[in-house]
Amino acid sequence: MAEQHCCHQDHSAELASHHDGDAVCVDHVSFSYVPGVRILETVTMHIPRGTRLGIVGPNGGGKSTLLKLILGLLRPGAGRISVFGRSPSQACHAGMIGYVPQRHDVEITFPFNVAQVVRQGIVGRTGMFRRASDDDRRAVVQAMERVGIADLAAQPVGDLSGGQQQRVFLARALAARPQLLVLDEPLVGIDEVGQARFAQLMEEVHRAYGLTVLIVSHDLRAIVAGCDRVACLNRRLHFHDAPAGLTRNVLAEVFDHSLAGAGLGLGDLGP
Amino acid sequence: MTIWDVLEPRFLAPLLAGIALTAACALLSVVIVLKRLAFIGQGITHAGFGGVGLAAFLALSGWWRDLTIFLFCIGTAVVIALLSRRGRVMIDTAIGILLVAAMGVGFLLDQLRIHLRGEGWYGTLTGGRHAPPTQWDAVLFGNILYLRPEDVWLAVGCAAAVAGLLALLHREIAFYAFDETVSRVFGVRTTLLHYLLLVMIAAIIVLCMKLLGLILVNALLIVPGAAAVLLSRRLSGVLIAAAVVGEIGMVGGYLAAFGIMGGRLPIGPMIVLILALLFAAALAFNRLRSARA
């Protein structure tokens with residue numbers, strides 16, 4: 001059962017060429033920070049337009065590195081990545097990618113209020129020395145209403161709870177009116193209630209904006225319900241298919257064996 | 001001299017230049033504090049010593065001297081950025097090394113010209129000109145007597161240009177300072193902004209040098225922003241507070257230097273002292289407010 005779903009050479013050969021229907025195409029990508037120590041080993045995957053992919057894997061398994069490669073913040077050592085048929089940095093400059101970073105990456109003592117942070121989403125789209133268009137300004141207001149933070153507009157971001165900040169950054173990404181929404185560990189530091197609310201919000205956002213969504217998480221259980229496909233990454237791609245096909249064996253291969261069953265709370269999975 | 005002598009045109013003109021430069025410095029300082037560029041600012045100011053030494057070595061004066069210092073500052077900033085870009089060298093390490101290297105080069109070149117005075121090739125290089133001995137204390141702490149009338153207009157023009165650029169690009173710069181990586185993903189030209197900020201800082205440093213000196217100019221590039229973020233939590237409030245703190249320091253220091261001991265005290269250190277006291281007051285205000293909340 002596990003063999004069938006593991007993404008080995010035969011499967012990847014089929015994915016290697018770029019499909020027009022793909023939002024993201026990762027083609028035989030390898031990467032190392034230090035020569036000889038590969039963080040990613042010939043990873044091949046594609047995300048069809050309008051679908052939601054969750055990338056899971058243990059810490060240090062290369063999730064964040066793959067994310068940085070897709071966002072154009074790093075360049076692959078080997079292989080190719082395209083985002084809507086363009087290079088990642090071209091896609092960024094074209095305003096196609098909305099990014100919700102991991103929360104602790106952000107300096108929170110800044111003198112910015114919620115509306116100012118959400119408005120950051122349209123800065124790149126507007127371009128230097130230009131005024132924001134009416135459409136962009138409307139997109140800011142809509143994004144704040146969509147994620148339910150319109151009443152917080154004048155609050156300093158630093159005063160908000162973790163869950164509220166998460167929604168501010170989601171609104172910023174949506175204000176950019178992207179075609180691909182990328183979330184890096186969106187649930188870290190958020191309680192169970194907040195997580196459930198965030199999952200529901202993501203469901204609404206996906207329906208309303210029709211986006212392609214890429215979520216990276218170390219917590220499989222938290223994101224599995226909201227994804228059409230799951231990719232398990234630990235240096236290599238171990239699984240890339242609908243979540244229903246996930247088995248204990250695959251998880252044991254990707255995560256530390258001891259974690260596979262117990263820590264992830266996946267009691268309902270097959271052998 | 002009394003405090004009223006400030007009203008004489010020859011003392012009023014430098015004050016005007018100071019007020020204009022302080023406004024530009026105050027706005028820049030908010031970016032410097034939020035983006036944590038304080039140490040790179042230090043690096044660039046110290047690079048100014050290298051520029052002063054090189055200008056002395058080449059026997060340059062006037063605009064050419066200013067341009068040499070400016071280019072030396074920019075060059076050092078670019079080398080720091082290139083060294084740290086690939087992550088091979090940590091940025092504070094790169095700054096620490098270039099800071100002392102530039103200072104060393106500056107002093108060496110200044111000494112070298114004295115010993116090379118008799119050499120024929122050196123005479124050809126400098127075109128037979130001799131630069132006056134370098135006034136290192138003026139370079140360190142500033143001396144308004146070195147301020148030429150045309151410097152005043154250059155200072156006002158440059159300050160207006162810096163303020164204008166910051167105003168036009170405030171959305172990009174705010175996002176860049178808030179989170180550089182994320183802003184790049186959202187299509188902000190972060191590399192361009194980074195170099196633009198370095199150029200603005202270098203230009204302001206060269207202009208402020210005569211007023212405050214290379215060491216003390218750092219006060220204007222850090223204190224207003226550092227005090228302002230303690231005083232307000234809104235961006236507009238922070239910008240206004242920075243300008244007010246900077247101008248109180250500049251005008252207050254200028255007047256104090258004239259008013260106390262009959263104008264025999266240097267202006268630069270007086271300005272810096274007042275700025276430091278304003279920062280302490282802002283800190284106390286911040287503590288009081290958060291204790292009450």
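Only this structure's heavy atoms are used, side chains among them; waters, hydrogens and symmetry mates stay out. Numbered from 1 within each chain, the chains take letters A, B, ... in sequence-line order.
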Checking [X] against chain A: side chain, backbone, both or neither under 4.5 Å from a heavy atom?
{"X": "B/Arg234", "result": "backbone"}
{"X": "B/Ala174", "result": "both"}
{"X": "B/Val238", "result": "side chain"}
{"X": "B/Ser183", "result": "neither"}

Next item on the list: Using a cut-off of 6.0 Å, state whether more than 12 heavy atoms not belonging to A/Arg75 lie near its atom CZ.
Entry: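 Result for CZ/A/Arg75: open.
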Note to self: For the CH2 atom on B/Trp63, are there more than 12 heavy atoms of other groups (residues, nucleotides or ligands in this structure) within a distance under 6.0 Å?
What the structure shows: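 Enclosed: over 12 neighbouring heavy atoms sit under 6.0 Å from CH2 of B/Trp63.
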Less than 4.5 Å apart, side chain to side chain, heavy atoms only: is that true for [X] and [Y]?
{"X": "A/Gln120", "Y": "B/Phe186", "result": "no"}
{"X": "B/Arg171", "Y": "A/Gln116", "result": "no"}
{"X": "A/Asp159", "Y": "B/Arg233", "result": "yes"}

Between [X] and [Y], which heavy-atom pair has the shortest distance, and what is it?
{"X": "A/Pro101", "Y": "B/Val182", "value": "CG-CG2, 3.6 Å"}
{"X": "A/Phe110", "Y": "B/Leu34", "value": "CZ-O, 3.3 Å"}
{"X": "B/Arg184", "Y": "A/Cys92", "value": "O-CB, 4.0 Å"}

Next item on the list: With a 4.5 Å cut-off on heavy-atom pairs, point out which of B/Leu168, B/Val188, B/Leu235 contacts chain A the most.
Entry: B/Leu235
Item checked: Proximity breakdown for A/Val100 and chain B, heavy-atom pairs closer than 4.5 Å -> neither
Checklist line | Region of A/Ala132 that comes under 4.5 Å of a non-hydrogen atom in chain B | finding: neither
